[in-house]
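Here the structure comes first, spelled out in structure tokens, and everything after it is commentary.
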Amino acid sequence: MRGFFKFGSPVIDLSIEGRRIGTLLDTGFNGHIMLPLPIIRELALDKIGISDYLTASGDGKITEVYKGKIIFLNEKIEVPILSTDADFSLAGMELFHECKIIIERNKDFVEVSKSVK
Amino acid sequence: MELKIEEANKLFEEISKELTSKYKGKIVAIDTDTGSYFIGDSELDAYKKATKKYPDKKFVFKRIGFGSTYFVGAL
């Protein structure tokens with residue numbers, strides 16, 4: 001799948017519960033997906049509990065955990081989705097276990113593909 | 001049902017000492033009403049095990065052997 005750059009950051013579009021959402025490809029996030037609460041409410045995701053995360057600035061935060069179905073590399077999978085008060089969406093490294101990621105800013109090129117074993 | 005994060009943290013502290021050597025990196029789903037916990041490879045794995053016993057409940061998810069369950073580098 002091809003991505004693009006937005007304000008200098010790599011972004012990929014994901015289908016989350018049928019809605020196309022641009023997610024920042026965040027290699028510093030060790031979860032699957034993080035979405036703003038308003039989007040989570042619009043998608044009417046099922047809440048499964050709460051968890052916690054640490055930000056790069058060292059702040060500990062509590063987050064609500066939801067589950068949702070996404071289409072990723074032509075496969076429909078169910079993943080945990082964290083909530084945030086921030087207004088951008090993240091795709092994290094847990095999503096890319098079996099992937100090759102190419103980010104070439106100077107060529108305006110972002111690509112995520114299944115890695116060949 | 002109200003999730004009591006402080007109670008979950010206290011229980012997690014108690015159980016993580018004995019669990020860390022065997023389950024480091026795995027996810028535990030804690031039911032704060034009963035003190036029960038369920039270990040899985042991921043949140044959804046732990047959640048599926050937990051809801052087999054407690055359907056429709058919500059849980060506190062923690063990563064065994066780590067201070068934080070998630071790290072979010074961009075926020």
Side-chain angles (χ1 to χ4, degrees), chain A residues 6-11 22-37 45-70 76-97, chain B residues 1-13 15-16 19-20 23-75:
Chain A
K6 189 174 182 181
F7 306 122
S9 296
V11 172
T23 57
L24 174 66
L25 202 163
D26 183 0
T27 56
F29 170 38
N30 67 344
H32 290 83
I33 303 281
M34 179 174 261
L35 292 178
L37 258 176
L45 299 180
D46 287 337
K47 184 177 170 181
I48 63 172
I50 57 176
S51 193
D52 61 277
Y53 64 87
L54 190 69
T55 67
S57 59
D59 296 322
K61 307 251 187 188
I62 300 297
T63 177
E64 295 178 341
V65 184
Y66 297 80
K67 61 174 179 164
K69 290 188 173 68
I70 70 169
K76 194 170 193 174
I77 55 174
E78 189 171 53
V79 295
I81 296 174
L82 306 186
S83 66
T84 176
D85 293 329
D87 64 353
F88 51 83
S89 307
L90 303 179
M93 293 308 290
E94 197 68 21
L95 201 57
F96 303 113
H97 265 208
Chain B
M1 174 210 147
E2 187 192 348
L3 289 166
K4 306 169 188 86
I5 190 79
E6 293 305 326
E7 284 181 24
N9 285 342
K10 194 177 165 189
L11 176 66
F12 179 64
E13 207 170 291
I15 62 176
S16 60
L19 295 179
T20 297
Y23 297 108
K24 187 169 184 178
K26 294 192 183 297
I27 297 289
V28 60
I30 300 169
D31 173 24
T32 55
D33 287 339
T34 63
S36 306
Y37 59 89
F38 304 84
I39 297 165
D41 290 331
S42 67
E43 287 80 353
L44 293 186
D45 186 29
Y47 178 72
K48 279 170 189 160
K49 289 175 182 174
T51 49
K52 268 184 186 170
K53 184 157 187 183
Y54 300 111
D56 302 323
K57 269 201 165 187
K58 294 172 178 58
F59 303 89
V60 177
F61 297 97
K62 306 286 285 183
R63 191 178 303 276
I64 296 167
F66 291 85
S68 295
T69 306
Y70 291 100
F71 183 76
V72 183
L75 288 180

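All chains are named by letter (A, B, ...) in the order of the sequence lines, taking the proteins before the strands, and each is independently numbered beginning at 1. All figures in this text were calculated on a predicted structure; none of them were measured in a lab.
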Near A:Asp59 CG, under 6.0 Å, is it more than 12 heavy atoms from other residues, nucleotides or ligands?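 Check passes, neighbour count above 12.
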
Flag yes if more than 12 heavy atoms outside A:Lys69 fall under 6.0 Å of its NZ atom; otherwise flag no.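 No - once you tally the heavy atoms of other residues, nucleotides and ligands closer than 6.0 Å, there are 12 at most.
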
Non-hydrogen side-chain atoms of [X] and [Y] separated by less than 4.5 Å:
X: B:Leu44; Y: A:Ile48; answer: yes
X: B:Val72; Y: A:Lys61; answer: no
X: B:Lys62; Y: A:Asp52; answer: yes

Minimum heavy-atom distance between A:Ala56 and B:Gly73, given as atom pair plus value: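 Minimum heavy-atom contact is CB-O, 3.4 Å.
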
Compare every heavy atom of B:Ser68 with every heavy atom of A:Leu54, then report the nearest pair and how far apart it is.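 Reported closest heavy-atom pair: CB-OG, 3.5 Å.
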
At a 4.5 Å cut-off on heavy atoms, which part of A:Glu78 comes close to chain B: side chain, backbone, both, or neither?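 Both parts, heavy atoms under 4.5 Å.
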
Roughly how far, to the nearest 0.5 Å, is NZ of B:Lys58 from CD of A:Glu64?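 The distance works out to 10.0 Å.
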
Most chain B-contacting option - heavy-atom pairs closer than 4.5 Å, from A:Leu82, A:Val65, A:Thr63: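 Option with the greatest count: A:Leu82.
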
